[in-house]
Amino acid sequence: MVQSVLLPVIHGLLYMIAACLLFLVINPKFIFDSRRRKLLFLAILTLLSFVYLGYEEHNPMVYALHLIPLSIALASLYEGAVPGIATWAAFVFCGIFVVETEGLPTLLAGTVLLGLGLLLHYKMEISSHKRMSLYTICLVMIYLLLYLSTLWLQGRWEDTRLVTVIVTITLVSSLFTNFIYFYVKHQERFQRELILSEKYQLIGQLAASLSHEIRNPLTTTRGFLQLMGNENVSKEAMERYRTYAFEGIDHANSIITDYLNFSKPSLEEPTLLNVKEEVDGVISWLHPFSVVANITINVHHLADTSLQIWGEPKKFQQCLLNVMKNAIESMPEGGSLTVHTRLKVEMVQIIIRDTGVGMSSTAIKRVGRPYFTTKESGTGLGLMVVVSLVKAMNGKIYFRSKPNEGTICEMHFGLISNG
Ligand code: ADP
Ligand code: MG
């Protein structure tokens, strides 16, 4: 007799452990999205319920006295309203209509258990393992007492020995499952804290390098303003210092814009952009640099039609500028920078190719990550800004490169056709 219930009980426990482990493995992907986390919980619950009901032998006593209380207690106590109510609905209705547990006791005891579990979830904190074990065992005991006394009052009490065995196993199992679930939650909290601490660290680093970068132009500006205070400065020199001082302030301003673009890459006022005109505009700014660096620039617009995309002019120019600046900086001995624009399957493509030092395959993987730089005075933030802006414009960006041969950067954006 006892052996006939032991096997289904152990199987039930295995399903619960499988659910916990599945949750632990998949959950980190959804840890910050509570709606998706709840959906994940429901999906695992549905999947395992189907498998259990489809493959396992239905034993009403084991289902009512073991699986229902453990599942509802854990779901309501640890996960709150949506998962708690879903678990309650799934187990109570499957119990009554599929496994054929006793209707009234299942409904009554199940509902009281859900209510008390949710009350504890919202009033108490998930704290120590001891306290959670106490809550779980109390909830399970209240359920069992209610279920069995209703059963007795209805005059349906049958086998005292069997009931005693299942109740004992359930109380032991409740401690065991609580132990596993507590550590699943513990792991989840640990992962959440780890992700948050990494974010804070990144913010700290960004703030540090922002102040460092701004301090340079501010110091030079201060120097020029000080020089302007000298009495015997010629009018000409005065004018030059004034220009330098303004340049310093503009530079500081542009650094701040860069950071803001990264931290808030959404498009505030998107308009239609003419890609060919924007590319030509940025190239004309770069011309003086390329002459000094002995670099020839070639631009080929391969499409006959106008190439319009959705975006913000300043941000788009910034993307082009950052990528082309890198291309120029990769050719210290001179070389050629070629820019193609073309239309391919309704996608506007901008291809920027240089004949510079190139990148190794490991370097390519790190491109766009904050602080990845191989330059002495690099910030490692240029491509990070580009990647986040291209994403905000619903575009895609790819890099291909070979050491000592050069680099190709492709940006793709959806074409907006006229009319
Ligand atoms: P920074 O230019 O300040 O170093 P970026 O984010 O613009 O920061 O670039 C990151 C790194 O990617 C560069 O330091 C360089 O090593 C590499 N890189 C980017 N573009 C190119 C390129 N066209 N050719 C070779 N290396 C490049
Ligand atoms: Mg750069």
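The shown structure was predicted, so the numbers you read here are calculated from the model rather than taken from an experiment. Every number for a ligand or one of its atoms is a count from 1 in the order of the listing.
- Leu227 places none of its side-chain heavy atoms less than 4.5 Å from the side chain of Val233.
- Residue-ligand proximity, Ala327 to ligand 1, at heavy-atom distances under 4.0 Å covers atoms 23 (N).
- Residue contact annotation: Asn322 has no non-hydrogen atom under 4.0 Å from ligand 1.
- Annotation: His129, atom NE2; neighbour count of heavy atoms from other residues, nucleotides and ligands within 6.0 Å is above 12.
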The test is side-chain contact (heavy atoms from CB on, under 4.5 Å); show your working for Tyr181 and Leu77 and say whether it passes. CA-CA 11 Å; Tyr181 212 90; Leu77 190 59; over 6 Å; no

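- Within the 4.5 Å cutoff, the side chain of Tyr147 has heavy atoms near those of the Leu65 side chain.
- The tally of protein N/O/S atoms under 2.8 Å from the Mg ion (ligand 2) stands at 1.
- For Gly356, the heavy-atom gap to ligand 1 stays at 4.0 angstrom or more.
- No N or O atom of Val367 sits closer than 3.5 Å to an N or O atom of ligand 1.
- When each atom of ligand 1 is checked for a heavy atom of Leu383 under 4.0 Å away, the hits are 5 (P), 6 (O), 7 (O), 9 (O), 19 (C).
- Heavy atoms of Gly358 come nearer than 4.0 angstrom to ligand 1 in at least one pair.
- A salt bridge links Lys185 to Glu79: one of the charged nitrogens lies within less than 4.0 Å of a carboxylate oxygen.
- Here the closest heavy-atom approach between residue Met411 and residue Ile352 is recorded as CE-CD1, 4.1 Å.
- Counting heavy atoms under 4.0 Å from ligand 1, residue Phe372 touches it through both backbone and side chain.
- Partners of Glu100 under the salt bridge (Lys or Arg N to Asp or Glu O under 4.0 Å) rule, at least two apart in sequence or in another chain, do not exist in this structure.
- Less than 4.0 angstrom separates some heavy atom of Thr373 from each of these atoms of ligand 1: 1 (P), 4 (O), 14 (O).
- The six-membered or imidazole ring of Tyr55 lies away from that of His11, with a centre-to-centre distance of 6.0 Å or more.
- Of the listed residues (Tyr52, Phe91, Tyr63), just one forms a ring pair (Phe, Tyr, Trp, His ring centres under 6.0 Å) with Tyr15, and that residue is Tyr52.
- Within 6.0 Å of CZ on Arg353 lie no more than 12 heavy atoms contributed by other residues, nucleotides or ligands.
- For atom 21 (C) of ligand 1, the choice among Met359, Lys375, Arg369 with the nearest heavy atom turns out to be Met359.
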Would you sort out whether Tyr78 and Asn178 count as a side-chain contact (heavy atoms from CB on, under 4.5 Å), showing the intermediate values? CA-CA 10 Å; Tyr78 281 98; Asn178 176 68; 2.7 Å; yes

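- With a heavy-atom cut-off of 4.0 Å, Thr407 touches ligand 1 through its side chain alone.
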